[in-house]
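Notes for the one structure printed next.
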Protein chains: 2
Amino acid sequence: MPPPRFPLPQGTLDMLILQILSLGPAHGYGIAQRLEQISRSVVQVNEGSLYPALHRLHQKGWLRAEWRQSEAGREAKFYSLTRAGRRQLALEKDSWARLTGAVGLIFEEGSR
Amino acid sequence: MPPPRFPLPQGTLDMLILQILSLGPAHGYGIAQRLEQISRSVVQVNEGSLYPALHRLHQKGWLRAEWRQSEAGREAKFYSLTRAGRRQLALEKDSWARLTGAVGLIFEEGSR
DNA sequence: TCTGGATACATCGAAGGTCAAGGTATGGAC
DNA sequence: GTCCATACCTTGACCTTCGATGTATCCAGA
């Protein structure tokens, strides 16, 4: 039985996109593929979430967009992190660490 | 500067409530306090999130509700986990572990 | 006595993100 | 010539969280 898909908690997708782009420019389709590969299929991005998220991040000035030729020889919109995007990623990683830390504390409380 | 408050990702509140109740019955107000205490104020539950969540979980059959006297001598609605609630908590913990694991993988990918 | 703060419940509308479903188009392989 | 992978996008339904607001009791301190 393959692991069940589960919805990404609101807000985490932005962080994951920024993280992938911190490794280098990529287009939407590629971002989705990388997320799935690296996470071993735990993270599966819906296109109806992905593209709005990219537009959102772009509009906020965290991404730069540029039409280029893809590896497959197709026109594709390549995104890359801006300086502000890098800052934002750091912030979101920080929040994530505090959240998971807090959840960890709450879970431990039961096992003592 | 105190750590900034941040919104709980959608869905995590249910899991945290179930976890707190797995330690024993509690009323809404008390659940919020415990979450804040245990998490060292990282998790701060909004009442407009808490009460709808409790009703939701109750309606799904994961909680039992009962009016009793609180420690402070006030009428309060005490919630406790049902068997189905315990099952649900296990499921959600599992999803959480897979999610944080996946996010961990994606973060590591950058630091190699 | 009365005022404020803690306890305890609840509801409402706004805001925001995710999802499933659907649509368009090109390139290469068979 | 047809199918699949690539690559973009939009729409509406759904759900949760949030901030604001409302009600009520109890107790401590001025």
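Below, read A as the first sequence line, B as the second, and so on, with proteins coming before strands; counting in each chain starts at 1.
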- Using the closest heavy atom to pick a nucleotide of DNA chain D for each, name whichever of B/Asp14 or A/Tyr51 lands nearer the 5' end. A/Tyr51

- Message: Would you say that more than 12 heavy atoms from the other residues, nucleotides or ligands in this model lie under 6.0 Å from the CD of B/Gln69, or not?
- Response: yes

- Query: Can you tell me how far the CG atom of A/Leu63 sits from the CG atom of A/Leu54, to the nearest 0.5 Å?
  - Reply: 6.5 Å

Would you please confirm or rule out a distance under 4.0 Å between OP1 or OP2 of [N] and any side-chain N or O of [X]?
X	N	answer
B/Tyr29	C/dT7	yes
A/Asn46	C/dT18	no
A/Ser49	C/dG17	no
A/Arg56	C/dG17	yes
A/Gln44	C/dC19	no
B/His55	C/dA10	yes

Rounded to whole Å, how long is the line connecting atom [atom1] of [X] with atom [atom2] of [N]?
X	N	atom1	atom2	answer
A/Ile17	C/dG17	CD1	C1'	12 Å
B/Leu50	D/dT21	CG	C1'	17 Å
B/Leu54	D/dT17	CG	C1'	14 Å
A/Arg74	D/dT6	CZ	P	10 Å
A/Lys77	D/dT6	NZ	C1'	16 Å

- Item | Selected nucleotide, minimal atom distance to A/Gln33 side chain, candidates C/dT18, C/dA8, D/dT6 | D/dT6

- Task: For the residue pair B/Gln88 and B/Glu92, confirm or rule out a side-chain donor-acceptor distance under 3.5 Å.
- Result: yes

- Message: Are A/Leu50 and A/Ile17 packed together at the side-chain level, in the sense that at least one heavy-atom pair is separated by less than 4.5 angstrom?
- Response: yes

- Message: What contact category does A/Gln69 fall into here, base, sugar-phosphate, or nothing, at under 4.0 angstrom with non-hydrogen atoms?
- Response: nothing

- With a 4.0 Å cut-off on heavy atoms, is A/Gly30 in touch with a base, just the backbone sugar-phosphate, or nothing at all? nothing

- Identify, between A/Glu47 and A/Gly73, the residue whose nearest nucleotide on DNA chain C lies closer to the 5' end. A/Glu47

- Query: Given A/Val103, which of A/Leu105, A/Thr100, A/Leu99 fulfils the side-chain contact (heavy atoms from CB on, under 4.5 Å) condition?
  - Reply: A/Leu99

